[in-house]
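Side chains included, hydrogens not; waters and symmetry mates left out as well; all remaining heavy atoms used. Below, read A as the first sequence line, B as the second, and so on, with proteins coming before strands; counting in each chain starts at 1. Predicted model, so just to flag it, every value in this text is computed and none were measured.
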2 protein chains.
Amino acid sequence: MAKRATATAASARTETGDGTLRQFVGYNLKRAYMAILDDLHRVLGQHNLRLATFSALALVSDNPDIAQGELAQALSVERSSVVVIVDDLETRQLVTRNKVLGDRRAYALRVTLKGRQLLDRLQDEIAAHENRFFGQLSAAERATLVGLLNRVEGAAADAA
Amino acid sequence: MAKRATATAASARTETGDGTLRQFVGYNLKRAYMAILDDLHRVLGQHNLRLATFSALALVSDNPDIAQGELAQALSVERSSVVVIVDDLETRQLVTRNKVLGDRRAYALRVTLKGRQLLDRLQDEIAAHENRFFGQLSAAERATLVGLLNRVEGAAADAA
DNA sequence: TATTGTTATACTCTATAACTATA
DNA sequence: TATAGTTATAGAGTATAACAATA
């Protein structure tokens, strides 16, 4: 099928073909996701945050008094993994573990002022990050992209 | 900001809000990707293949006589990681390591007949997998999605 | 008995660094 | 000196399983 430059001394370097994989939407999806991930990690890394930790912070902010188990579900990780994440956020005083009236087993997580401020700054920085990669797309195109992605996600949720 | 059902005994379980994250295209991108990944892993797992191993097989098929270092680049992993992957493919007689005329350090990788046959079957199975998630999208919509994803990937390549 | 959070441990995947044999 | 592939090791991230406290 595919031709390939033989590895002679004077070979002009050919691009590696990936046509077989390109036929799959999922491959294109992964490539696009991976392509932006390094830069996102760099942005978060400047604040010593992992993606999961940032996501947890945002989720706690959106869901005051969320329990760790619920957070685990939202993050699609095990409860034991959430312990590590919340430990980190709590140590850095970005979220607090609060007593729940009526259930002394559970914690109600809340963002601190410091956490909110960090989140505000991060939202700006991530918006800038996104402009570097999605900036070429018009607002309408970005909306189309998100709409299609959400339909894919919805199809997965239906299947489950 | 966001309201949240208090954890009373009779609380109707509220969906966890993720509005802060949803504003980012990248989050929607990751969600869609993660949503299809479990099913893809299941399909590949039936053949005892990891995603990276399958991708390597497809890339070797598209690029006869590719070297391991080139494969590493195409897979975005280190050469040492490719050794493990190719070891697996070679042990299972799906690809062969062949001598390169003119450079006795390098290998030229080729898919075997067995590898090609497995790849053919996998392409069908993955196409079926994709229909489960992208089937709701029309062919035009799928093309639009891929086009937008590729522009994002291209923007990343330009930035690098 | 079931559930929440915790701990200790194991597993998967990948990177890093040092090595060999070639170039 | 540099490069292709290899090996051994370490690290990051997550899951699993057993546990204490509480429901």
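Note on Gln68(B): only backbone sugar-phosphate atoms sit closer than 4.0 angstrom, heavy atoms only; bases stay farther off.
Only at 4.0 angstrom or more do the heavy atoms of residues 38-49 of chain B sit from any atom of DNA chain D, so none qualifies. Only Val83(B), Arg97(B), listed by number, bring a heavy atom of residues 83-98 of chain B to less than 4.0 angstrom from any atom of DNA chain D.
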Name every donor-acceptor pair, under 3.5 Å, that has one atom in a side chain of residues 117-125 of chain B and the other anywhere in the protein, sequence neighbours excluded.
unit_1	atom_1	unit_2	atom_2	d
Glu125(B)	OE1	His47(B)	NE2	2.9
Glu125(B)	OE2	His47(B)	NE2	3.2

Per-pair distances, 0.1 Å, donor-acceptor, side chain in residues 20-28 of chain A, under 3.5 Å, sequence neighbours excluded:
unit_1	atom_1	unit_2	atom_2	d
Thr20(A)	OG1	Asp62(B)	OD1	2.6
Thr20(A)	OG1	Asp62(B)	OD2	3.1
Arg22(A)	NE	Asp18(A)	OD2	3.2
Arg22(A)	NH1	Asn28(A)	OD1	2.8
Arg22(A)	NH1	Glu153(B)	OE1	3.1
Arg22(A)	NH2	Glu153(B)	OE1	3.3
Arg22(A)	NH2	Glu153(B)	OE2	2.8
Gln23(A)	NE2	Thr20(A)	O	2.8
Tyr27(A)	OH	Asp18(A)	OD2	2.9
Tyr27(A)	OH	Arg31(A)	NH1	3.4
Asn28(A)	ND2	Arg22(A)	O	3.0
Asn28(A)	ND2	Phe24(A)	O	2.9

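A salt bridge does not link Asp158(B) to Arg132(A): none of the charged nitrogens lies less than 4.0 Å from a carboxylate oxygen.
Separating the CG atom in Leu137(B) from the OG1 atom in Thr144(B) is a distance of 9.5 Å, to the nearest 0.5 Å. Of the inter-residue distances, the one linking Leu109(A) atom CG with Asn98(A) atom CG reads 7.5 Å to the nearest 0.5 angstrom. A distance of 8.0 Å separates CG of Leu71(B) from OG1 of Thr16(A), quoted to the nearest 0.5 Å. A distance of 11.0 Å separates CD1 in Ile66(A) from OG in Ser61(A), rounded to the nearest 0.5 Å.
In this entry the distance linking CG of Leu51(A) with P of dA12(D) reads 17 Å, nearest Å. Remark: C1' of dT3(C) and OH of Tyr107(A) are 15 Å apart, rounded to the nearest angstrom. Between Leu75(B) atom CG and dA15(C) atom C1' there is a gap of 15 Å when expressed in whole angstrom units. Glu78(B) has its CD atom 14 Å from the P atom of dT3(D), to the nearest Å.
In this structure, the side chains of Asn63(B) and Glu70(B) stay at 4.5 Å or more apart for every pair of heavy atoms.
Using five terminal pairs a side, the axes of the helix from dT1(C)-dA23(D) to dA23(C)-dT1(D) at its two ends make an angle of 10°, given in steps of 10 degrees.
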Base-contact (B) and sugar-phosphate-only (S) positions in nucleotides 18-23 of chain C, heavy-atom cut-off under 4.0 Å, - elsewhere: ---BBS

Measure all distances between protein nitrogen or oxygen atoms and nitrogen or oxygen atoms of nucleotides 8-13 of chain C, and list the pairs falling under 3.5 Å.
unit_1	atom_1	unit_2	atom_2	d
dC13(C)	O5'	Arg50(B)	NH1	3.4

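Legend: residues meeting side-chain hydrogen bond (donor to acceptor under 3.5 Å, both in side chains) with Arg151(A), ordered by chain and number and at least two apart, are Glu141(B). With sequence neighbours excluded, the residues that form a side-chain contact (heavy atoms from CB on, under 4.5 Å) with Asp103(B) are Val100(B), Arg105(B), Ala106(B).
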Stepwise side-chain contact (heavy atoms from CB on, under 4.5 Å) test for Arg92(A) and Leu57(A): CA-CA 12 Å; Arg92(A) 299 167 63 175; Leu57(A) 181 61; over 6 Å; no

Verdict with reasoning, Glu130(B) to Ile126(B), per side-chain contact (heavy atoms from CB on, under 4.5 Å): CA-CA 6 Å; Glu130(B) 293 228 318; Ile126(B) 295 175; 4.2 Å; yes

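Identified under the ring-ring contact (aromatic ring centres under 6.0 Å, His included) test for residues 50-107 of chain A, with sequence neighbours left out: none. Residue pairs that meet the side-chain hydrogen bond (donor to acceptor under 3.5 Å, both in side chains) test with at least one member in residues 49-58 of chain A, sequence neighbours left out, do not exist here. Listed by first then second residue, pairs satisfying ring-ring contact (aromatic ring centres under 6.0 Å, His included) with a partner in residues 118-160 of chain B read His129(B)-Phe133(B), not counting sequence neighbours.
Within the structure, a side-chain polar atom (N or O) of Ser81(B) is placed less than 4.0 Å from OP1 or OP2 of dA15(C).
Clustering ILVMFWY residues whenever any of their side-chain heavy atoms sit less than 4.5 angstrom apart, transitively, puts Val83(A) in a cluster other than the one holding Val95(A).
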